[in-house]
Q: 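After the structure tokens below, expect a handful of questions from me.
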Amino acid sequence: MGLGLAEDARQRAAAALQAFEQALASGAYDGRESIRRYLEGRVDALARRTENREP
């Protein structure tokens, strides 16, 4: 999650997205509902941002 936060702050959407997805997949935040919601929200926002980016 820390890497995702750092990459997000640096506006590196693709790297942040990957880090946040890995944090969710790890299961480390399964018992922390507010953190899971934050991660899911950032994944959604970053996924939309990277999809709208032209190659």
Side-chain angles (χ1 to χ4, degrees):
M1 182 170 165
L3 177 59
L5 292 170
E7 295 293 7
D8 204 8
R10 294 173 69 193
Q11 298 183 351
R12 295 179 52 175
L17 175 60
Q18 183 179 17
F20 286 143
E21 287 175 330
Q22 288 177 349
L24 279 170
S26 74
Y29 302 102
D30 286 350
R32 310 285 308 265
E33 191 60 32
S34 61
I35 295 174
R36 279 194 65 77
R37 278 193 307 250
Y38 174 80
L39 289 170
E40 290 166 351
R42 290 309 298 145
V43 165
D44 288 342
L46 291 166
R48 278 185 266 122
R49 187 183 305 166
T50 57
E51 287 173 2
N52 292 331
R53 200 174 247 173
E54 294 183 22

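Count residues from 1 along the sequence.
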Q: Tell me every residue that passes side chain to side chain contact (heavy atoms under 4.5 Å, CB included) with Ala45, counting only those two or more places apart in sequence or in another chain.
A: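 By the side chain to side chain contact (heavy atoms under 4.5 Å, CB included) rule, Ala45 matches Arg42, Arg48.
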
Q: Is there a side-chain contact (heavy atoms from CB on, under 4.5 Å) between Tyr38 and Val43? Walk through the geometry before answering.
A: CA-CA 9 Å; Tyr38 174 80; Val43 165; over 6 Å; no

Q: Applying side chain to side chain contact (heavy atoms under 4.5 Å, CB included), name anything that partners Arg36, two or more places apart in sequence or on another chain.
A: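 Side chain to side chain contact (heavy atoms under 4.5 Å, CB included) check on Arg36 returns Leu24, Tyr29, Asp30, Glu40.
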
Q: Run the side chain to side chain contact (heavy atoms under 4.5 Å, CB included) test against Gln22 and tell me which residues pass, sequence neighbours left out.
A: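 By the side chain to side chain contact (heavy atoms under 4.5 Å, CB included) rule, Gln22 matches Gln18.
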
Q: Tell me the closest heavy-atom pair linking Ala23 and Leu39, and the distance in Å.
A: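 So the two residues come closest at CB-CD1, 4.2 Å.
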
Q: Compare every heavy atom of Ala14 with every heavy atom of Thr50, then report the nearest pair and how far apart it is.
A: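 Distance-wise, the nearest heavy atoms are CG2-N, 3.9 Å.
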
Q: With sequence neighbours left out, write down each residue that passes side chain to side chain contact (heavy atoms under 4.5 Å, CB included) with Glu7, or none if nothing qualifies.
A: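 For Glu7 the side chain to side chain contact (heavy atoms under 4.5 Å, CB included) partners, ignoring immediate neighbours, are Leu3, Arg10, Arg12, Ala15, Ala16.
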
Q: Look at atom CD of Gln11 and say whether more than 12 heavy atoms of other residues, nucleotides or ligands are closer to it than 6.0 Å.
A: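 Open: at most 12 neighbouring heavy atoms sit under 6.0 Å from CD of Gln11.
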
